[in-house]
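Take a look at the structure set out below.
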2 protein chains.
Amino acid sequence: MTSTEPARPAVRPTRQRRAVTAALAAFDDFRSAQEIHDLITRQGDSVGLATVYRALSALADSGEVDMLRSEDGEAIWRRCSDTHHHHLVCRSCGATVEVEGPAVERWTSAIAGEHGYADISHTLEIFGTCPACRVS
Amino acid sequence: MTSTEPARPAVRPTRQRRAVTAALAAFDDFRSAQEIHDLITRQGDSVGLATVYRALSALADSGEVDMLRSEDGEAIWRRCSDTHHHHLVCRSCGATVEVEGPAVERWTSAIAGEHGYADISHTLEIFGTCPACRVS
DNA sequence: CCTGAGTTGACAACGATTCTCAACATCGCT
DNA sequence: AGCGATGTTGAGAATCGTTGTCAACTCAGG
Ligand SMILES: [Zn+2]
Ligand SMILES: [Zn+2]
Ligand SMILES: [Zn+2]
Ligand SMILES: [Zn+2]
């Protein structure tokens, strides 16, 4: 072997990537790439939209942010804790609560096992209207 | 009130709509609108893609088919039982098992209630590799 | 037949995401 | 500091799923 290292990708801390993580830190709910890009722009920075997508994808791969799809299929992103969890998301304002459900995790494994499925992953998201948005 | 009926939409069983349901019956896994349209075309029928979308949306609204989003965000469809359920989907061949989990249903309601969220909906899909695809 | 409401299809329009590729920034090394 | 090798960026084009437009069409029912 030429090296013991597993071929490091050499990711560089550029101004653009820092701008994206800063924008993510400014939100505490799920936002689209467009919205994140808009915030960066509004703060005077200039980062290409394609670069925002690239940064978000990389962060999602590294587990620093969660990406899920809104009900109309658009990808939305949020910096999240690194432990496995799911989300309770307000359909109207986007307010998000991270939730954990060990029982659900167990249930999915069991169900999959019963049917002989292996290498399991799952998605579970809950959408609703949060208290703040309920003031009719 | 002018009538006791809640304004019936008067849906007509046209050749096109029949072709779509027939195509859905021919699949037993989730398929994209494109794939469904292709099958119809391959069978000699001619139905516009937009019409396929309209028929699928209508069927989904009436609960006769389930629509979910593949991992890359594309809408995929499948004729399904009308009771609320979720899916165990083979990542490799698409083989689908309908699963029910009353406990999960209860858990999502409870979690949502705890946080004051109302008007709840949820998505839960399990992906894995089915037994048939495991013959390495 | 006649008429009106539902339906269709070709095509344009849309919007999110990805691709292209030349210019640029950064890293490691001297 | 100077230099190459390599990762990164951005503007715009391109892709692609999906929806909108609207005139032509179908089909009951009278
Ligand atoms: Zn999360
Ligand atoms: Zn989980
Ligand atoms: Zn189903
Ligand atoms: Zn459920």
Side-chain angles (χ1 to χ4, degrees), chain A residues 2-3 5-24 30-62 64-78 94, chain B residues 2-3 5-24 30-62 65-78:
Chain A
T2 56
S3 159
E5 316 262 311
R8 111 172 59 146
V11 83
R12 293 176 185 167
T14 63
R15 170 182 67 80
Q16 290 86 340
R17 291 206 245 255
R18 248 173 284 126
V20 170
T21 43
L24 283 168
F30 280 89
R31 296 303 178 117
S32 69
Q34 282 287 354
E35 288 174 314
I36 292 164
H37 177 257
D38 287 351
L39 177 60
I40 293 173
T41 302
R42 241 177 292 118
Q43 295 186 335
D45 278 325
S46 173
V47 176
L49 179 57
T51 300
V52 172
Y53 273 104
R54 286 186 282 243
L56 288 172
S57 301
L59 288 168
D61 287 345
S62 78
E64 293 175 62
V65 316
D66 282 350
M67 183 266 265
L68 62 88
R69 301 213 169 255
S70 68
E71 291 191 338
D72 60 352
E74 190 178 5
I76 49 181
W77 320 70
R78 177 182 189 262
Chain B
T2 57
S3 159
E5 315 262 309
R8 113 171 58 145
V11 84
R12 294 177 188 167
T14 63
R15 171 181 68 80
Q16 290 86 343
R17 291 205 245 254
R18 248 173 285 127
V20 170
T21 43
L24 284 168
F30 282 88
R31 298 302 179 119
S32 69
Q34 282 286 355
E35 289 174 313
I36 292 164
H37 177 257
D38 287 351
L39 177 61
I40 293 172
T41 303
R42 241 179 291 120
Q43 294 187 333
D45 277 324
S46 174
V47 176
L49 179 57
T51 300
V52 172
Y53 272 105
R54 285 186 284 243
L56 288 173
S57 301
L59 288 168
D61 288 346
S62 79
V65 315
D66 281 352
M67 182 269 264
L68 61 87
R69 302 212 167 255
S70 68
E71 292 191 342
D72 61 352
E74 190 178 6
I76 50 182
W77 319 70
R78 177 180 188 265

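Protein chains get the first letters and strands the later ones, always in sequence-line order, with residue 1 at the start of each.
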Produce the list of close N/O pairs, under 3.5 Å, pairing protein atoms with atoms of nucleotides 15-24 of chain C; give distances to one decimal.
residue	atom	partner	partner atom	Å
C:dT17	OP1	A:Ala75	N	2.9
C:dT17	OP2	A:Tyr53	OH	2.4
C:dT17	O5'	A:Tyr53	OH	3.4

Nearest-Å distance, CG (A:Leu56) to C1' (D:dT9)?
15 Å
Examine C:dG9: is either OP1 or OP2 under 4.0 Å from a nitrogen or oxygen in the side chain of B:Gln16? Give yes or no.
yes
Residue of the set A:Val52, A:Val47, A:Thr41 for which side-chain contact (heavy atoms from CB on, under 4.5 Å) holds with A:Ile36
A:Val52
B:Arg12 CZ to B:Thr14 OG1 distance, which is reported to the nearest 0.5 Å
9.5 Å
Distance col, row B:Met67:CE vs B:Leu59:CG, nearest 0.5 angstrom, shows 12.5 Å
Quick check for you: to the nearest 0.5 Å, what is the distance between B:Arg15 atom CZ and B:Asp45 atom CG?
6.0 Å
A:Arg54 and A:Thr51 side chains, donor-acceptor separation under 3.5 Å:
yes
Mind calculating the distance between CG (A:Asp72) and C1' (D:dT19) to the nearest angstrom?
12 Å
Among D:dT8, D:dG10, C:dT8, the nucleotide that comes nearest once only the side chain of B:Thr14 is considered:
C:dT8
Would you say D:dT9 has OP1 or OP2 under 4.0 Å from some side-chain N or O of A:Arg17?
yes
Rounded distance (nearest 0.5 Å) linking atom CG of B:Leu56 with atom CZ of B:Arg31
13.5 Å
Report the distance from atom CZ of A:Arg15 to atom C1' of D:dG7, rounded to the nearest whole Å.
16 Å
Does A:Leu49 form a side chain to side chain contact (heavy atoms under 4.5 Å, CB included) with A:Gln34? I'd like the steps, not just the answer.
CA-CA 7 Å; A:Leu49 179 57; A:Gln34 282 287 354; 3.5 Å; yes
Distance, nearest 0.5 Å, that separates CG of A:Asp72 from CZ of B:Arg69:
7.0 Å
Separation of B:Met67 atom CE from D:dG17 atom P, in whole Å?
15 Å
Under-3.5 Å N/O pairs linking protein and nucleotides 25-30 of chain D:
residue	atom	partner	partner atom	Å
D:dT26	O2	B:Arg12	NH1	3.2

Any chance the side chains of A:Ser62 and A:Glu64 put a donor and an acceptor closer than 3.5 Å?
yes
From the options D:dT9, C:dC27, C:dT8, select the nucleotide whose nearest atom is closest to the side chain of B:Thr51.
C:dT8
